[in-house]
Amino acid sequence: NYDSASAGLNYSYRVSNRTSVGLGTTATRTRYEGDFPDSTTVQAFASINHQTGQYWFLSASAGLAVTRNDASRFGPADASLNGVGSVSACRRQPDQSFCLTASRSQQPSILGGTSSQSSIGLSLNQRVSARDRVDASASYVRSEQGQGALPDRSTELVSLRTTFTRSFS
């Protein structure tokens, strides 16, 4: 079990009717039960959102994340610095939406060190009639564990999902 508290601050500025830019920061403190090391993660990032046409929307953010793990019986205190960010391209129409996304994030590991995740995904939402809708998504996630009490390792996950929804009202 663990407790986590986060706080963030974001600033956004509209450059034009189609483009906005922003800056942001978040801080997260995680406290684990028992002998596991507590950790603090601070992220700072810049973002841009742009509407390229009537239906296309592009978003991107990039920044740095610093994670510091306190000393514990599993090892000394350690800190890591990694790049984080995301990018997405979406086409949104009244009866259909399609999005392609990619991201990289960082979080502390329960045994010290950090875990970095890289992911790519796509989603499609299609209204097929006045009462019916199909939602489909696919994603690939690679998680890499570094430092800490365990040897470096990576985990990969692929997920596929399809949902059919019918409205009876």
Side-chain angles (χ1 to χ4, degrees), residues 1-16 18-52 56-92 97-123 137-161:
N1 289 337
Y2 66 91
D3 295 316
S4 183
S6 296
L9 181 64
N10 293 305
Y11 171 77
S12 180
Y13 177 75
R14 183 170 290 278
V15 177
S16 69
R18 293 180 173 251
T19 305
S20 64
V21 295
L23 296 172
T25 185
T26 61
T28 303
R29 178 70 177 166
T30 305
R31 299 178 62 102
Y32 295 98
E33 285 185 5
D35 295 330
F36 300 110
D38 296 341
S39 65
T40 303
T41 299
V42 177
Q43 296 186 54
F45 55 89
S47 63
I48 184 168
N49 298 292
H50 181 69
Q51 183 176 354
T52 60
W56 281 99
F57 298 84
L58 301 176
S59 298
S61 69
L64 295 172
V66 177
T67 297
R68 183 184 188 288
N69 293 299
D70 297 344
S72 72
R73 70 182 202 132
F74 296 103
D78 63 60
S80 63
L81 173 69
N82 284 299
V84 295
S86 66
V87 62
S88 68
C90 296
R91 180 175 169 86
R92 297 186 185 109
S97 68
F98 168 82
C99 284
L100 179 63
T101 60
S103 68
R104 181 156 176 89
S105 62
Q106 172 180 295
Q107 55 273 335
S109 169
I110 192 170
L111 297 179
T114 58
S115 175
S116 297
Q117 285 190 339
S118 300
S119 67
I120 186 167
L122 60 91
S123 64
S137 64
S139 66
Y140 167 80
V141 179
R142 180 181 173 92
S143 180
E144 298 169 336
Q145 167 73 44
Q147 305 169 347
L150 297 175
D152 291 355
R153 61 187 171 91
S154 64
T155 305
E156 296 175 292
L157 174 68
V158 175
S159 71
L160 303 169
R161 180 179 168 175

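Residue numbers count from 1 along this sequence.
The CZ atom of R92 sits 5.0 Å away from atom SG of C99, with the distance rounded to the nearest 0.5 Å. Summarising the geometry, atom CG belonging to L122 is positioned 12.5 Å from atom OG belonging to S88; distances are rounded to the nearest 0.5 Å. Atom OH of residue Y13 and atom OG of residue S20 lie 11.0 Å apart, to the nearest 0.5 angstrom.
Side-chain contact of S118 with R104: a donor-acceptor pair under 3.5 Å is present, judged by distance alone.
Ion pairing between a basic and an acidic side chain is recognised when a charged N comes within 4.0 Å of a carboxylate O; R29 and D70 show such pairing.
Among residues two or more places apart in sequence or in another chain, the side chain to side chain contact (heavy atoms under 4.5 Å, CB included) test is passed with Y2 by S4, T30, Y32. Here R18 pairs with nothing under the side-chain hydrogen bond (donor to acceptor under 3.5 Å, both in side chains) rule; sequence neighbours left out. Under the salt bridge (Lys or Arg N to Asp or Glu O under 4.0 Å) criterion, E33 pairs with no residue, sequence neighbours left out. Under the side-chain hydrogen bond (donor to acceptor under 3.5 Å, both in side chains) criterion, S143 pairs with S115, sequence neighbours left out. Annotation: salt bridge (Lys or Arg N to Asp or Glu O under 4.0 Å) contacts of R14 (sequence neighbours excluded): none.
Between the T25 side chain and the Q43 main chain, a donor and an acceptor come within less than 3.5 Å of each other.
When each of S154, S119, S116 is paired with R142, the side chain to side chain donor-acceptor pair (under 3.5 Å) condition holds for S154 and for no other.
Scanning both residues, V84 and S105, for their nearest heavy atoms gives CG1-CA, 4.0 Å.
In this structure, the side chains of E156 and Y140 come closer than 4.5 Å at one or more pairs of heavy atoms. Between N10 and F45, the closest side-chain pair of non-hydrogen atoms falls below 4.5 Å. For the pair T101 and I120, the minimum side-chain heavy-atom distance is 4.5 Å or more.
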Taking distance alone, no hydrogens or angles, what donor-acceptor pairs closer than 3.5 Å link side-chain atoms of residues 58-67 to residues at least two apart or in another chain?
{"unit_1": "S59", "atom_1": "OG", "unit_2": "N49", "atom_2": "OD1", "d": "2.7"}
{"unit_1": "S61", "atom_1": "OG", "unit_2": "S86", "atom_2": "OG", "d": "3.1"}
{"unit_1": "T67", "atom_1": "OG1", "unit_2": "T41", "atom_2": "OG1", "d": "3.0"}
{"unit_1": "T67", "atom_1": "OG1", "unit_2": "Q106", "atom_2": "NE2", "d": "2.6"}

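Because its NZ or CZ atom is not both nearer than 6.0 Å to the ring centre of F57 and within 45° of the ring axis, R91 does not count as a cation-pi partner of that residue.
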